[in-house]
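Just so it is clear, the structure is predicted and the values come from calculations on it, not from any experiment.
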Amino acid sequence: MQLVVARIGRAHGIKGEVTVEVRTDEPELRLAPGAVLATDPASAGPLTIETGRVHSGRLLLRFEGVRDRTAAEALRNTLLIAEIDPAELPEEEDEYYDHQLMDLDVVTKDGVEVGRITEISHLPSQDLFIVERPDGSEVMIPFVEAIVTEIDLEEQRAVIDPPPGLIDDRAEIVSSRDADEDADGDEAGASATADGGTDTDGDRP
C-alpha cells in the first residue's frame, strides 16, 4: 500500500536541499537517509534520500543526484510516497495510519449514527476527521482523546463523545434562543427553561 509521507517545498540554499511538508507521524522512519520513495508526478522519481536535517523547525532533505538549487526547485510540490505493508501498525499505541481510519462508521457513545469518515485532515494543531453524514452533509470532528473515545478496527467504527453543538450546531442555536426568550419571563418561566434545556440536551445525539 502506498502512503503520501511528505510534500516537497522550496529549495534551500544552493546545494540541492529542499524543505518538506511532513505528512507522517514517523518521519524518522519514512524519511530517513537511504529511503527510496515514489513520487507524484511519477516522472520526478523515484527519489532516494541522501541526507536529512532539521533547520529552524523545518525538515530539510537532499536527494541523490540533486546537486544544485535549480534541480531542487524543479521538485517543488512533488509528493513523496512510501510503500508500506497494509497490516503494519504504527509504533506508538493509539496511533493509526490514515488508510486504517478511512470509511470507519462514526457513532456516538449512545449508539447514534453520525456518518462515515471520508477524509483525514492533518492540521498543525490537530488532526480532523471529515465525516459524511447520511444526508450528504459533512461535519469535522477533532481527532482528540476527549472526543474520539474509541477506535475499533475490528468492528470498523469510531466512537465519539461530542460536546454540545459539534455535530448539530443548529440544535445548539435553537436551544440558546429558547433559553434567551424564557429568561425574559417570570420565575415559573425560568424553571421551565431549565427543564426544557435538560430535555433538549437529552434528545441531542
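Annotation: ring pair (Phe, Tyr, Trp, His ring centres under 6.0 Å) contacts involving residues 3-57, sequence neighbours excluded, comprise H12-H55. Here side chain to side chain donor-acceptor pair (under 3.5 Å) pairs that include residues 63-75, with residues two or more places apart or in two chains, are E50-R67, E73-R76.
Residues passing the salt bridge (charged side-chain N to carboxylate O under 4.0 Å, His left out) test with D103 are R116, sequence neighbours excluded. Every residue two or more places apart in sequence or in another chain that forms a side chain to side chain donor-acceptor pair (under 3.5 Å) with N77 is listed here: R7. For S56, there are no side chain to side chain contact (heavy atoms under 4.5 Å, CB included) partners at least two apart in sequence or on another chain. A search for salt bridge (charged side-chain N to carboxylate O under 4.0 Å, His left out) contacts involving R10 returns nothing, not counting sequence neighbours. In this structure, R157 has no side chain to side chain donor-acceptor pair (under 3.5 Å) partners at least two apart in sequence or on a different chain. Partners of F63 under the ring-ring contact (aromatic ring centres under 6.0 Å, His included) rule, at least two apart in sequence or in another chain, do not exist in this structure. Residues satisfying the salt bridge (charged side-chain N to carboxylate O under 4.0 Å, His left out) criterion with K109, sequence neighbours excluded, are D161.
Counting heavy atoms from C-beta on, the side chains of I130 and I117 never come closer than 4.5 Å. Residues L47 and T39 meet the side-chain proximity criterion, which asks for heavy atoms closer than 4.5 Å. Residues I49 and L80 are not in side-chain contact: their nearest non-hydrogen atoms beyond the backbone lie 4.5 Å or more apart. At a threshold of 4.5 Å between non-hydrogen side-chain atoms, the residues L166 and P142 count as touching. Looking at V107 and I160, their side chains never come closer than 4.5 Å, going by heavy atoms from C-beta outward. Side chains of V114 and V112 form no contact here, defined as non-hydrogen atoms less than 4.5 Å apart. In this structure, the side chains of V139 and F129 stay at 4.5 Å or more apart for every pair of heavy atoms. You'll find the side chain of L31 reaches within 4.5 Å of the side chain of V22, heavy atoms only.
Here the closest non-hydrogen pair linking A72 and V18 is CB-CG1, 3.5 Å. Of all the heavy atoms in G52 and L61, the pair that sits closest is CA-CD2, 3.8 Å. Looking at every heavy atom in both residues, P41 comes nearest to T78 through CD-OG1, 4.3 Å. In terms of heavy atoms, T48 sits closest to G34 at CG2-O, 4.1 Å.
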Could you give the side-chain donor-acceptor pairs of residues 146-154 under 3.5 Å, partners two or more places apart or in another chain?
| unit_1 | atom_1 | unit_2 | atom_2 | d |
| --- | --- | --- | --- | --- |
| T149 | OG1 | V159 | O | 3.3 |
| D152 | OD1 | E154 | N | 3.1 |
| D152 | OD1 | E155 | N | 2.9 |

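With hydrogens and angles left out, the side-chain atoms of D110 and T108 include no donor and acceptor closer than 3.5 Å.
Atom CD of E138 is separated from atom CD1 of I141 by 11.5 Å, given to the nearest 0.5 angstrom. A distance of 9.0 Å separates CG in L101 from CG in D127, rounded to the nearest 0.5 Å.
Atom CE of M140 sits in a sparse spot, with 12 or fewer heavy atoms from other residues, nucleotides or ligands closer than 6.0 Å.
Taking the charged nitrogens against the carboxylate oxygens, E113 and R133 have no contact shorter than 4.0 Å, which rules out a salt bridge.
Applying the under-4.5 Å side-chain rule to Ile, Leu, Val, Met, Phe, Trp and Tyr, the cluster around L60 consists of that residue alone. Here V4 is tied into one hydrophobic group with L79, I81, each link being a pair of ILVMFWY side chains closer than 4.5 Å.
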Apply salt bridge (Lys or Arg N to Asp or Glu O under 4.0 Å) to residues R53 and E17 and explain how you reach the verdict. CA-CA 10 Å; R53 65 188 179 97; E17 284 187 312; 2.8 Å; yes

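When hydrophobic clusters are built by joining Ile, Leu, Val, Met, Phe, Trp and Tyr residues whose side-chain heavy atoms come closer than 4.5 Å, directly or via intermediates, M102 is grouped together with V106.
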